[in-house]
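Residues: numbered from 1 along the sequence shown.
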Amino acid sequence: MVRRPVAWVLALVLFAEALGVAALNWFLGVVVDRQDMSLAGLDPHVMSVSSKIGGIVLGLYFALCGLVALLVAVRDRAPAGLGRALLISVAVVHALLGAVTWGPAGPGAFLFMVGALGLVVLLLVTYDRRPEESAGPGSPLTPPASPTAP
């Protein structure tokens, strides 16, 4: 079906995003450090270090979410517990970043964020319970018994 390829693609996208975010923030930290200018009286070294730390933390977050998607692809099982919460949170992050990126970064970045959001949502929705797992008496997937006329 579609579930495993979506999980593989999402894992690749999240790993690439982790590297991209970490590299971009590291580059911005280096630029701020070399300019030696302050913004509203802030120390440039503090801004540089905080940009680098923020990039590393966000990159690790995306890498962890990519690891969850990779485990889903390898095991072919729905994410549960912390993994599901991480995938839901990364969907929210992509929705927020997609809403913000149109103006500063253009429609290409917006479409990338919306595409990644779509992959996360598709992964979460396609790994819903299978009918054979939950079909039992009283299950919402079991058709109700038709009344017989005497």
Student: Does Glu17 form a side-chain contact (heavy atoms from CB on, under 4.5 Å) with His94? I'd like the steps, not just the answer.
Tutor: CA-CA 11 Å; Glu17 221 174 340; His94 278 92; 2.8 Å; yes

Student: Are Leu12 and Leu14 co-members of a hydrophobic cluster defined by side-chain heavy atoms under 4.5 Å apart?
Tutor: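 No, no single cluster joins them.
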
Student: Are Leu96 and Val13 grouped together when hydrophobic residues (ILVMFWY) are joined by side-chain heavy atoms under 4.5 angstrom apart?
Tutor: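 In one cluster with Leu96: Val13, no.
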
Student: Using the rule that two of Ile, Leu, Val, Met, Phe, Trp, Tyr join whenever any of their side-chain heavy atoms come within less than 4.5 Å, decide whether Leu82 and Val92 are in one cluster.
Tutor: no

Student: Kindly determine whether Arg84 and Leu124 satisfy side-chain contact (heavy atoms from CB on, under 4.5 Å), including the steps that lead there.
Tutor: CA-CA 8 Å; Arg84 187 167 181 85; Leu124 289 170; 3.8 Å; yes

Student: For residues 58-74, please give each side-chain donor-acceptor pair under 3.5 Å, one per line with the distance, not counting sequence neighbours.
Tutor:
unit_1	atom_1	unit_2	atom_2	d
Tyr61	OH	Ser89	O	3.4
Tyr61	OH	Ser89	OG	2.6
Tyr61	OH	Val90	N	3.0

Student: Is Val49 reachable from Phe27 through a run of hydrophobic residues whose side-chain heavy atoms are each under 4.5 Å from the next?
Tutor: no

Student: Tell me whether Ser48 contacts the main-chain N or O of Pro44 through its side chain, where contact means a donor paired with an acceptor under 3.5 Å.
Tutor: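 Not confirmed, Ser48 side chain does not pair with Pro44 backbone.
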
Student: Out of curiosity, Leu28 CG to Ser51 OG, how far, rounded to the nearest 0.5 Å?
Tutor: 5.5 Å

Student: Treat each ILVMFWY residue as a node, draw an edge where side-chain heavy atoms are under 4.5 Å apart, and state whether Trp26 and Val31 are in one component.
Tutor: no

Student: State the NE2-CG distance between His45 and Asp33, to the nearest 0.5 angstrom.
Tutor: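 Separation between the atoms: 7.0 Å.
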
Student: Could you work out, with side chain to side chain contact (heavy atoms under 4.5 Å, CB included) as the rule, every residue matching Leu42, not counting sequence neighbours?
Tutor: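 Met47.
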
Student: Between Arg3 and Thr126, what is the shortest heavy-atom contact and its length?
Tutor: CD-O, 3.2 Å

Student: Using a 3.5 Å cut-off and no angle test, enumerate the donor-acceptor pairs between side-chain atoms of residues 103-120 and protein atoms at least two apart in sequence or in another chain.
Tutor:
none

